Amino acid sequence: MITTPSDLKTYKKDLKRALQNQFLGATLDNFATAFKASRQKAFEGIDLDTLIAEIAAGKDAAIPHLEELFAAFKARAEAAGIKVHVAHTAFEANSIIADIARANQVKKIIKGKSMTAEETFLNDHLEKDGFVVTETDLGEWIIQLRHEGPSHMVMPAIHLSRKEVAELFTKVTGRHQDPDDIDGMVKVARKELRQVFLEADMGITGANFAIAETGTIGLITNEGNGRLVTTLPRVHVALVGFDKLVPDLKSALRILKALPRNATGQLISTYVTWITGPTPCTSAPDGRKEMHIVFLDNGRLALARDPLFAEALRCIRCGACANVCPIYKLVGGHNYGHVYIGAIGLILTYFYHGRENARAIVKACLNCQACKAVCPTGIDLPYLIKGVYRTILEVEGKPPVKNRLLKRVLGNRKLFHFLLHRAYLAQKPIAKGQYLRHLPFFFSKEHGFRSLPAVARTPLRDMWERINPRLEKPRYRVALFGGCLVDFVYPEQAQALISALKDHNVQLEYPMEQTCCGLPAMMMGENETAREVAVQNLKAIDPASYDFVLTLCASCGSHLKENYSKLCGEDEGIGVKVRQLKDKLIDFSSFMMNVLQVKPEMFVRSGKKVAYHAPCHLCRGLGVTREPRELINTAGKEYLPAKDEDVCCGFGGSFSIDFPEISAELLKRKLDNFEATGADLLVTDCPGCVLQLRGGMDQKSGRKIEVKHIAEIVAADRS
Amino acid sequence: MEKHEQIRLFKDRAEAVQTSVTDVTGLQQAFLYAIEVTKNQGGSTIAAPALGPEERSQLAELCRHAEITLLTENIRDHIGKIQTGLTLGDWGVAETATLVLDSTSEDVRIATMLSETHVAVLPKSRIKSDIMELESELSESMKSAPRYLSFISGASRTADIERVLTIGVHGPQELHLLILDEELTGEKP
């Protein structure tokens with residue numbers, strides 16, 4: 001039985017326990033590293049962006065027509081002799097399958113791996129009805145014997161050590177099993193399950209594809225159990241979600257190109273099986289197999305009509321969104337989902353398993369975009385996760401206090417900036433130098449893993465006219481989008497920008513009516529407020545008046561570029577400005593390298609060794625990866641690569657306040673990786689990451705590496 | 001892609017998934033290979049259910065000489081005793097080192113899943129670079145039900161215990177592909 005906490009307090013207790021599981025932490029970290037390399041190798045020579053776009057387009061074309069595809073499939077399949085059923089609910093699916101078993105005098109059932117059967121808790125139902133059910137995929141068999149749910153969609157038992165499996169198999173076989181003889185343990189499964197295969201009356205599988213044109217189902221497996229389950233018993237039942245329908249073989253083969261590569265780094269899985277109609281079967285009384293396909297709705301057909309969430313039905317269950325998730329890597333699938341796990345799990349749990357199971361877990365998203373970047377069907381997973389969070393808030397009608405406050409304050413720029421000005425005075429008793437030395441009352445001691453910066457005495461907006469030179473005939477007119485952190489906490493980063501641009505004849509402007517980009521509001525599910533501030537910013541900064549809109553904050557930048565179009569891209573009048581903003585938006589490194597084309601001779605060679613943290617919203621959000629690293633070298637430093645330098649630092653805005661334990665652990669791993677490079681300096685290009693990394697450096701023991709915004713190091717060594 | 005490049009790619013990709021690939025110049029050589037593999041592994045039975053009458057008698061003759069039991073039908077009755085499953089492949093795909101095998105016959109499925117080793121003969125002319133090249137042929141064959149098509153790329157494998165790759169969890173522990181150069185022999189299986 002799977003239990004998932006419905007409140008944050010219990011969930012956080014579970015997370016803490018998981019963080020202490022050293023085996024899990026090490027296993028999933030190794031897995032993430034290995035996966036990244038093998039996936040990259042598997043896609044060599046393939047235009048991945050085009051493939052993703054084609055799969056997404058194919059899915060998007062099919063999703064509004066699932067019922068028509070079903071009708072075509074049904075006609076073909078019935079003509080071939082398959083009995084086709086529709087189950088509107090999970091219970092109905094289980095009952096239909098139990099009825100088929102009873103009608104065929106079935107006692108023993110074998111199963112191939114099926115997430116859809118996990119979704120409906122099919123085994124529980126069949127066992128209650130008196131059938132003996134045995135999972136035949138090794139990982140599924142292991143977790144069935146342990147009475148657990150899968151902790152990964154592709155590798156259900158990845159959370160278990162060889163020792164735990166050996167103990168389990170010792171119990172099952174009554175003979176001692178050596179944990180270091182994995183081959184031997186696999187042979188135990190081969191032997192034990194072979195007998196079960198031969199005795200079974202009925203085989204149940206899922207399907208990766210249901211091809212409408214031919215009435216064919218497609219199954220992907222590595223072990224070959226899928227072929228055995230569909231061959232040996234006299235009855236075969238496939239339980240298939242409506243979302244698995246594809247129009248033709250071509251669509252299926254296109255998905256097959258991406259699925260194994262993205263799931264396990266294999267070019268193809270060992271066995272791909274295509275079944276059309278009941279095949280000859282010598283264990284059946286009439287020599288022909290009895291074959292049924294049960295199509296599961298369970299909300300899918302309604303989801304297909306949802307303007308926002310229909311995208312979730314593109315999912316092909318590769319599991320990669322878990323593999324790359326920094327939180328999954330720390331706590332494992334049993335703490336990162338319900339039945340479906342990983343980023344897609346946070347979304348599907350709400351629709352297939354309900355609010356109680358989704359409420360707490362859906363909060364655990366850093367918005368780091370790693371899942372979105374790895375998704376083979378291009379689902380905007382972080383955006384949909386926030387969408388589920390917002391939906392739950394709306395349905396329950398009791399937004400947290402912080403949401404109500406944020407709505408009041410952020411919706412009113414003057415009030416917001418007045419409060420930020422006041423914060424400088426309010427923090428005086430607890431501020432010392434650049435940090436707060438005591439945490440404000442609403443923080444607990446768990447938040448002490450990083451020092452918080454003090455609010456600047458003079459915000460950028462108040463010094464702007466004084467520090468920003470006016471030029472006679474500038475080459476470019478550039479609006480600076482500051483963002484709250486640069487404006488009120490780190491104005492020195494903007495000062496560095498001004499000095500880096502000196503001699504380049506670029507006229508900077510700081511439109512004073514600009515306000516928070518609105519990302520924090522969206523992260524808290526307050527889309528209405530996020531939309532209001534977006535419009536405010538588009539009024540403050542008319543992109544048509546500038547050559548570029550530059551930002552020093554990757555998070556603001558990617559929010560402006562990606563999310564504004566989702567929030568108000570369709571609005572009359574505003575939509576055009578959203579588009580223009582998107583086209584003119586640029587980050588600091590790209591501006592220096594691609595627009596100003598700075599050269600090494602413009603800098604003094606300091607030769608300092610510099611490690612680089614790639615902000616999530618720069619490398620994935622804005623897709624900028626080459627420029628910052630080149631800029632570091634161009635500006636007279638030596639860039640040193642670090643392990644996982646593109647993995648989230650754990651800041652995630654309000655995430656680090658809600659989940660300090662996770663944030664602290666992610667930060668610790670980051671700082672360890674940077675320390676291992678031997679760098680003199682750590683550079684990044686997002687003030688949020690600066691806050692997290694610098695704050696963590698301040699709290700850590702041992703060698704501390706100075707943390708700078710990339711604009712600061714570029715300004716420092718101009719020749 | 002030129003034929004020889006295709007074959008080279010096929011062999012490279014096969015090696016990466018522990019599939020053994022050998023060139024043969026005729027069916028006789030392929031049959032002798034299967035017999036030798038069977039004997040080397042200490043086995044005494046070959047299941048070859050989908051051969052034409054001529055090939056079957058040719059193989060039967062060779063098996064008799066080598067004291068190997070040849071099964072050609074009712075394979076289910078011999079589960080647990082099959083050392084080698086021998087098949088004639090329908091297509092090959094170089095990009096993924098895949099054998100495409102029409103497995104509509106239950107005997108073929110049992111012979112290729114419940115044997116210790118699967119040996120398949122693949123005519124050179126039937127090898128394509130990419131699976132997409134077979135889309136229309138496969139789609140057509142799916143239209144005539146019942147049809148059970150298998151893509152087989154390597155031996156049965158799992159990584160379900162601590163992600164350690166282990167070969168031979170349910171199906172055969174070895175896959176041997178014999179690439180038959182019909183141009184050399186003029187033979188056509």
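Everything numeric in this text was worked out from a predicted model, so none of it was measured. Letters A, B, ... mirror the listed sequences (proteins, then strands); counts begin at 1.
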Structural part of [X] lying under 4.5 Å from a heavy atom of chain A:
{"X": "B/I79", "answer": "side chain"}
{"X": "B/D130", "answer": "side chain"}
{"X": "B/V169", "answer": "both"}
{"X": "B/S136", "answer": "neither"}

Would you mind checking which part of [X] comes under 4.5 Å of any heavy atom in chain B, side chain (CB onward), backbone (N, CA, C, O), both or neither?
{"X": "A/T216", "value": "side chain"}
{"X": "A/E164", "value": "neither"}
{"X": "A/N30", "value": "both"}
{"X": "A/P280", "value": "both"}
{"X": "A/A34", "value": "side chain"}
{"X": "A/T221", "value": "neither"}
{"X": "A/K257", "value": "side chain"}
{"X": "A/T264", "value": "neither"}
{"X": "A/L198", "value": "side chain"}
{"X": "A/I46", "value": "side chain"}
{"X": "A/F197", "value": "side chain"}
{"X": "A/L219", "value": "neither"}

Would you check if [X] and [Y] make a side-chain contact, meaning some heavy-atom pair closer than 4.5 Å?
{"X": "A/L228", "Y": "B/R109", "result": "no"}
{"X": "A/L138", "Y": "B/I161", "result": "yes"}
{"X": "A/D248", "Y": "B/S139", "result": "no"}
{"X": "A/T276", "Y": "B/Y148", "result": "no"}
{"X": "A/F31", "Y": "B/R163", "result": "yes"}
{"X": "B/E135", "Y": "A/R254", "result": "no"}
{"X": "A/R227", "Y": "B/S103", "result": "yes"}
{"X": "B/D160", "Y": "A/D137", "result": "yes"}

Interface residue of largest heavy-atom contact number with chain B, from [options], under 4.5 Å:
{"options": "A/G218, A/A80, A/G139, A/G224", "answer": "A/G139"}
{"options": "A/T279, A/T27, A/I220, A/L267", "answer": "A/T279"}
{"options": "A/L256, A/T230, A/I142, A/I211", "answer": "A/T230"}

[atom1]-[atom2] distance between [X] and [Y], expressed to the nearest 0.5 angstrom:
{"X": "A/D183", "Y": "B/I167", "atom1": "CG", "atom2": "CD1", "answer": "9.0 Å"}
{"X": "A/W274", "Y": "B/M142", "atom1": "CH2", "atom2": "CE", "answer": "5.5 Å"}
{"X": "A/T270", "Y": "B/F151", "atom1": "OG1", "atom2": "CZ", "answer": "14.0 Å"}

Are any side-chain N or O atoms of [X] and backbone N or O atoms of [Y], one a donor and one an acceptor, separated by less than 3.5 Å?
{"X": "B/R76", "Y": "A/L232", "result": "yes"}
{"X": "A/R194", "Y": "B/L114", "result": "no"}
{"X": "A/R190", "Y": "B/G171", "result": "yes"}
{"X": "B/H170", "Y": "A/T136", "result": "yes"}

request  = Could you have a look at B/T98, B/T112, B/V17 and say which one has the most heavy-atom pairs with chain A under 4.5 angstrom?
outcome  =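 The residue among B/T98, B/T112, B/V17 with the greatest pair count is B/T112.
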
> What residue in B/A145, B/S150, B/S153, B/A155 has the most heavy-atom pairs under 4.5 Å with chain A?
Replying inline: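 Sorted descending by pairs with chain A, the first entry is B/S153.
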
request  = Verify salt bridge (charged side-chain N to carboxylate O under 4.0 Å, His left out) between B/E106 and A/K289, making sure each step is shown before the conclusion.
outcome  = CA-CA 10 Å; B/E106 182 190 84; A/K289 191 175 290 275; over 6 Å; no

With side-chain contact (heavy atoms from CB on, under 4.5 Å) as the test, would you mind laying out the steps for A/T273 and B/L149 before giving the verdict? CA-CA 6 Å; A/T273 301; B/L149 289 174; over 6 Å; no

Quiz item: Where do B/S156 and A/E223 land on the side-chain hydrogen bond (donor to acceptor under 3.5 Å, both in side chains) test, with the steps shown first?
Solution: CA-CA 5 Å; B/S156 163; A/E223 299 183 0; over 6 Å; no

For atom [atom1] of [X], is the number of surrounding heavy atoms from other residues, nucleotides or ligands below 6.0 Å larger than 12?
{"X": "A/K250", "atom1": "NZ", "value": "no"}
{"X": "B/E15", "atom1": "CD", "value": "no"}
{"X": "A/K41", "atom1": "NZ", "value": "no"}

- B/E162 and A/L160: which non-hydrogen atoms are nearest, and at how many Å?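 Smallest interatomic distance, heavy atoms only, reads CG-O, 3.9 Å.
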
